[in-house]
2 protein chains.
Amino acid sequence: MDESPPATRIPDPPSPGPVRRPGGRSAQVRRRVLDAVTALLVEQGYDALTVDAVADRSGVHRTTVYRRWRDVGGLLAGVLAEATGEDWRPRDTGSLDGDLVAINREVHEALTGDPPLTGALIAASFRSPPAAEALRAFWADRYDRCAVVVHRAVARGEVPAGTDARALLVAATAPVYHELLLLRSGADAALAQRAARAAALAAAAGAFVPV
Amino acid sequence: MDESPPATRIPDPPSPGPVRRPGGRSAQVRRRVLDAVTALLVEQGYDALTVDAVADRSGVHRTTVYRRWRDVGGLLAGVLAEATGEDWRPRDTGSLDGDLVAINREVHEALTGDPPLTGALIAASFRSPPAAEALRAFWADRYDRCAVVVHRAVARGEVPAGTDARALLVAATAPVYHELLLLRSGADAALAQRAARAAALAAAAGAFVPV
DNA sequence: TCCTTAACGCGACAACTGTTGCTGTAGGAT
DNA sequence: ATCCTACAGCAACAGTTGTCGCGTTAAGGA
């Protein structure tokens, strides 16, 4: 719209992720802010998690938080990024059924655990681009890592070769998300087992082999 | 906390649902507001749907909207309640597989259709009690009505007696919700079919019969 | 017809969101 | 030691959310 380059210094949007001065003030700010987020989440829950509250609690200025994290979703994304183990792998229980149940138990835990980080992130993701992107990346990574349980099952002859790993994994896990997040039924841990078993059965019958 | 009853009139929370004076001003207000909600949703999308915008558009005062619907989620809940056909029934295609596919197509449509009422409601439900409750009730009703497809399948001998209808229906539909709402993959209509087929297969194998 | 009162209109308010232009400060390279 | 610059602090702003007390209107019964 305006042709003239701004005479004043552009406020420059800094990067939330890789800090360019890793040992310095920025890193301290990051620490204090993310700590404040988790503390608030634990003590007062998602509803109390406002940018202002985080700024107050951390002693970092409002503006700085907005510039580096953009909104509450961005803050949660930051916490998730930090909490995500780079070396996570699905358990190997020796059977597809067992592997899927183990995965589903983790999902169930993540969705019901305290602090409600995952739930809060999902809620935020509907309004916050940073949160949506963080979740997308997180799930993409997890589903990729989980594909190995399907490969193992194929190797064992439990399911036909050509089984679509992602489709099978989604079929196994989706009911847990659905019951807990959308239907909000007080689903117990048994659901994790039932859903995993059903998916394993369908997979064995060749339901996830593309024509 | 305070012992003395308030000297002034209590602002009284009116009921959004059953209007006590059905022919009068309240009913007109309701009409104008809900019409404004759908109009805004169609024309400008969910993000533009603010209480203020609805109030302006409808000519009803802000305060009145807040009092009767509480928040944006409440407004969406009102529209859903009105749009929900009291006589909805799942199609009867003659096979469990076909019935589930038909249901899943409707789910897919609801989640991708325009206006994005369902999607908006789900997004809102994470922050708005009225929206959450409206969805819960809506889904409870729909899953109840859909149970008949399972009963028919049992009668036809497609699945064992004792099959848990709700569990089967959740297994069939959850992947569609999961892909479209949470994973936000651009899932096509084929997903509806795949998910339904997998659930039907698992059901035939007895995956949804409680021990 | 009049009276009661549920429900709407109005203005003010506090809190949170998100942005902008500027100044201040400390890391890290030279 | 000194400069450069990325980043933090600051103050002010406009917009949205949600609430409150009070005055006003009109629906529906007596």
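Predicted model, so just to flag it, every value in this text is computed and none were measured. Order of the sequence lines sets the chain letters (A, B, ...), proteins ahead of strands, with each chain counted from 1.
- The side chain of A:Arg25 sits closest to D:dA8 out of C:dC16, D:dA8, C:dG9.
- Listed candidates were C:dC22, C:dT17, D:dG18. Nearest to the side chain of B:Tyr66 is D:dG18.
- In this structure, A:Arg68 atom CZ and C:dT19 atom P are separated by 17 Å, rounded to whole Å.
- Between the CH2 atom of B:Trp69 and the C1' atom of C:dC8 there is a distance of 11 Å, given to the nearest Å.
- One interatomic measurement links the two molecules: CZ of A:Arg127 to P of D:dT17, which rounds to 8 Å at whole-angstrom precision.
- The separation between A:Leu40 atom CG and C:dC16 atom P is 12 Å, rounded to whole Å.
- A salt bridge does not link A:Glu179 to A:Arg194: none of the charged side-chain nitrogens sits closer than 4.0 Å to a carboxylate oxygen.
- Per the geometry, CG belonging to A:Asp71 stands 14 Å off C1' belonging to C:dT19, to the nearest Å.
- With respect to A:Glu133 and B:Arg184, no salt bridge is recorded, no charged nitrogen being found less than 4.0 Å from a carboxylate O.
- Within the 4.0 Å cut-off from OP1 or OP2 of C:dA6, not a single side-chain nitrogen or oxygen of B:Arg67 is found.
- With distances taken from any side-chain atom of A:His61 to the nucleotides D:dG9, D:dG18, C:dT17, the minimum falls on D:dG9.
- Within the 3.5 Å criterion, the main-chain N or O of A:Ala172 finds a donor-acceptor partner in the side chain of A:Asn104.
- For the pair A:Thr50 and B:Arg32, both in contact range of DNA chain C, the more 5′-proximal nearest nucleotide belongs to B:Arg32.
- With rounding to whole Å, B:Gln28 atom CD is found 12 Å from D:dA27 atom C1'.
- At least one donor-acceptor pair closer than 3.5 Å links the side chain of B:Thr38 to the backbone N or O of B:Asp35.
- The backbone N or O of A:Gly73 sits nowhere less than 3.5 Å from a side-chain atom of A:Arg127 that would complete a donor-acceptor pair.
- Across all strands shown, A:Thr63 has heavy atoms under 4.0 Å from base atoms, whether or not it also approaches the sugar-phosphate.
- The base of D:dG9 does not come close enough to the side chain of A:Arg62 for any donor and acceptor atom to sit less than 3.5 Å apart.
- Between B:Thr64 and C:dG9 there is a side-chain N or O to OP1 or OP2 distance below 4.0 Å.
- Remark: C1' of C:dA6 and CZ of B:Arg30 are 16 Å apart, rounded to the nearest angstrom.
- In the set C:dA12, C:dT17, C:dT19, the nucleotide with an atom closest to the side chain of A:Arg70 is C:dT19.
- Following rounding to the nearest Å, A:Asp56 (CG) and D:dC10 (P) show an atom-to-atom distance of 12 Å.
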